[in-house]
2 protein chains.
Amino acid sequence: MPPQPPASGTAGPSTPVAHLRVQRVRPAYRQVADELRTQILAGTLPAGTRLPNEAELGRAFGVSRSTAREALRVLSSQHLVETLRGVQGGTFVSEPDPARVVEDVGSALGVLVMTPQLHVSDLLEARLLLEPAAARLAAQRADAETVEAVRAAAAAPRDDRDPSGFVGHLDFHTTLLMATGNLMLTLMGQPVNDVLRTRLRRAGVEAGEWDKVDACHREIAEHIAEGRAGEAEESMRDHIVELRRLYERDGFWT
Amino acid sequence: MPPQPPASGTAGPSTPVAHLRVQRVRPAYRQVADELRTQILAGTLPAGTRLPNEAELGRAFGVSRSTAREALRVLSSQHLVETLRGVQGGTFVSEPDPARVVEDVGSALGVLVMTPQLHVSDLLEARLLLEPAAARLAAQRADAETVEAVRAAAAAPRDDRDPSGFVGHLDFHTTLLMATGNLMLTLMGQPVNDVLRTRLRRAGVEAGEWDKVDACHREIAEHIAEGRAGEAEESMRDHIVELRRLYERDGFWT
DNA sequence: CGACGCTAAACGTCTGACGTATTGCTCCAC
DNA sequence: GTGGAGCAATACGTCAGACGTTTAGCGTCG
């Protein structure tokens with residue numbers, strides 16, 4: 001977010017600078033979006049605030065309604081504002097939502113994973129780093145209610161076709177990350193899991209494998225329930241290593 | 001943090017369902033954006049592809065140019081496409097860029113950190129988990145060139161006003177994350193560091209503290225250079241703990 | 001008293017036009 | 001022949017106005 005690096009033009013074609021093309025003038029819709037974003041992030045426009053309608057907003061910034069709309073599209077695609085139709089409709093500053101962030105990061109990761117820069121094995125390594133530590137923390141901190149949630153997630157039937165109407169079964173790994181009480185760990189781990197999940201071809205995995213996975217989950221859940229941090233961490237590490245073998249055997253590249 | 005009990009709606013206005021409003025029909029600009037995004041992510045439109053001009057794009061989707069433009073604004077704000085003006089201009093599918101992702105995640109984190117859901121101490125904990133492990137991996141893997149980069153980052157003068165024209169000094173912690181050779185670790189750690197950096201009031205920290213920090217950096221760099229993984233990890237852990245004290249003493253809330 | 005239908009506010013979309021940045025090519029001067 | 005100035009073409013950027021669509025609220029009628 002550096003404020004528009006001045007094209008530092010010392011009249012020298014000796015610096016090819018590859019593909020770094022600077023946009024000399026920022027388009028109006030960008031300026032409007034940036035200004036609004038700044039105000040939102042600064043708290044001048046707190047969550048829930050209703051912005052003026054598009055026509056008025058345009059007038060306020062000295063631009064047309066179309067331009068104001070494009071600015072709003074930008075903000076809305078960044079989940080900074082939401083738009084409702086009808087009377088009482090309008091554009092509202094939206095509440096920060098961790099789930100949304102997880103979604104975005106996941107999709108960004110999905111893109112990067114297609115490049116040679118980020119390999120699936122990198123994700124697996126990161127996961128191996130993150131989740132055992134998360135298991136340890138969960139074992140140290142989980143209260144009764146959380147323990148119950150983790151147990152439930154471990155016991156839940158691994159059902160791929162998830163009968164609509166009841167979404168009670170969040171993935172075990174997700175639940176465990178949340179059980180640490182540290183949202184940041186969820187934010188880092190969940191996108192990785194999401195990418196891995198969408199990348200794995202389940203077809204090639206026999207049912208027996210899944211049973212084994214579930215057994216691991218239950219074991220870890222019990223360790224957490226009884227506060228055995230070290231054992232929880234160790235079990236989780238073994239589990240992830242095992243999972244990694246699954247992923248690596250079955251090939252990732254969709 | 002029990003996973004959001006499903007609203008189990010058994011008819012009856014007794015379940016207000018709070019603010020869960022569903023958008024019955026997705027606006028056209030959203031549909032167009034989604035369709036294009038799908039094609040980009042699927043590889044049907046590889047990076048570098050030049051899309052038809054806005055008018056033609058609109059015609060292709062059966063919408064007006066304004067609608068097509070709004071769709072493009074959405075994609076462009078997600079860094080999936082870039083637009084250039086002039087003849088030879090147009091809209092191009094952009095190359096996946098890790099730096100861009102880091103930036104986005106960082107700004108999303110910045111928003112969340114203002115809520116009670118994500119506390120700065122969560123970031124510090126995550127960092128404490130990530131960076132020592134990164135130091136270990138770096139010590140195990142770094143080649144000569146990487147070692148040199150880490151050394152340089154540790155030796156670089158801690159200069160806040162970063163004389164423009166030479167950006168050689170990336171933050172030590174950033175360099176170290178990259179030295180692991182695992183982009184995913186950078187992706188997870190860098191946004192955290194960015195948020196912390198922008199949050200810390202440097203004013204309240206005496207120069208002596210910074211000297212101490214630099215000494216730590218140099219020590220860690222040496223451990224990495226000589227491949228002492230365990231010691232690198234330990235030093236980094238101590239360093240982060242020390243830094244945490246700095247942050248906690250000085251207050252975060254801007 | 002309840003259901004139906006109207007109304008108004010805002011967003012959603014369309015059309016057409018003009019401004020502007022950028023590049024390539026032409027044409028003229030030297 | 002070469003080099004620079006200037007024109008033309010392309011596609012994005014912006015504007016203006018109009019009409020459709022969605023939704024909440026309210027009034028009316030049975």
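The basis for the numbers below is simple: all heavy atoms, side chains too, and nothing from hydrogens, waters or symmetry mates. In what follows, chains are A, B, ... by sequence order, proteins preceding strands, each numbered from 1.
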Between side-chain atoms of residues 142-150 of chain B and protein atoms elsewhere (two or more places apart, or another chain), which donor-acceptor pairs fall under 3.5 Å?
residue, atom, partner, partner atom, Å
B:D143, OD1, B:E145, N, 3.3
B:D143, OD1, B:T146, N, 2.8
B:D143, OD1, B:T146, OG1, 2.6

Could you work out, with side-chain hydrogen bond (donor to acceptor under 3.5 Å, both in side chains) as the rule, every residue matching A:S94, not counting sequence neighbours? none

Can you check whether B:L57's main-chain N or O pairs, donor with acceptor, with B:R65's side chain at less than 3.5 Å? no

Within the structure provided, determine whether A:T83 and A:L72 are in side-chain contact (heavy-atom separation under 4.5 Å). no

If I take atom CZ in residue A:F92 and atom C1' in nucleotide D:dT23, what distance separates them, rounded to the nearest angstrom? 12 Å

Is the phosphate of C:dG12 approached by B:S64 (side-chain N or O, under 4.0 Å from OP1 or OP2)? no

Pairs touching residues 35-48 of chain B that satisfy side chain to side chain donor-acceptor pair (under 3.5 Å), sequence neighbours left out: B:D34-B:R37, B:E35-B:Q39, B:R37-B:Q78

Between CD of B:E82 and C1' of D:dC12 the distance, given in whole Å, is 15 Å

Under 3.5 Å, is there any donor-acceptor pair linking the side chain of A:R26 to the base of D:dG13? no

When the axes are fitted on five pairs at both termini, how much does the helix from C:dC1-D:dG30 to C:dC30-D:dG1 curve, in 10° steps? 10°

Hey, is the side chain of B:R65 pairing donor to acceptor with the base of D:dG13 inside 3.5 Å? yes

Dump every N/O contact between nucleotides 8-11 of chain D and the protein below 3.5 Å, one line per pair.
residue, atom, partner, partner atom, Å
D:dT10, O2, B:V87, N, 3.1
D:dA11, OP1, B:R50, NH2, 3.4

May I ask you to list the residues of residues 67-81 of chain B, by number, that have any heavy atom positioned under 4.0 Å from an atom of DNA chain C? B:T67

Determine whether A:D104 and A:H79 make a side-chain contact, defined as any pair of heavy atoms from C-beta on separated by less than 4.5 Å. yes

Is any side-chain heavy atom of A:L51 less than 4.5 Å from a side-chain heavy atom of A:L45? yes

Side chain proximity check, B:E131 to B:N193, heavy atoms < 4.5 angstrom: yes

Do the non-hydrogen side-chain atoms of A:L80 and A:V93 ever get within less than 4.5 Å of each other? no

Check: A:D122 side chain, B:N182 main-chain N or O, donor-acceptor pair, under 3.5 Å: no

Any donor-acceptor pair under 3.5 Å linking the side chain of B:Q117 with the backbone of B:L112? no

Base, sugar-phosphate alone, or nothing: which one does B:G62 contact when heavy atoms must sit under 4.0 Å apart? sugar-phosphate

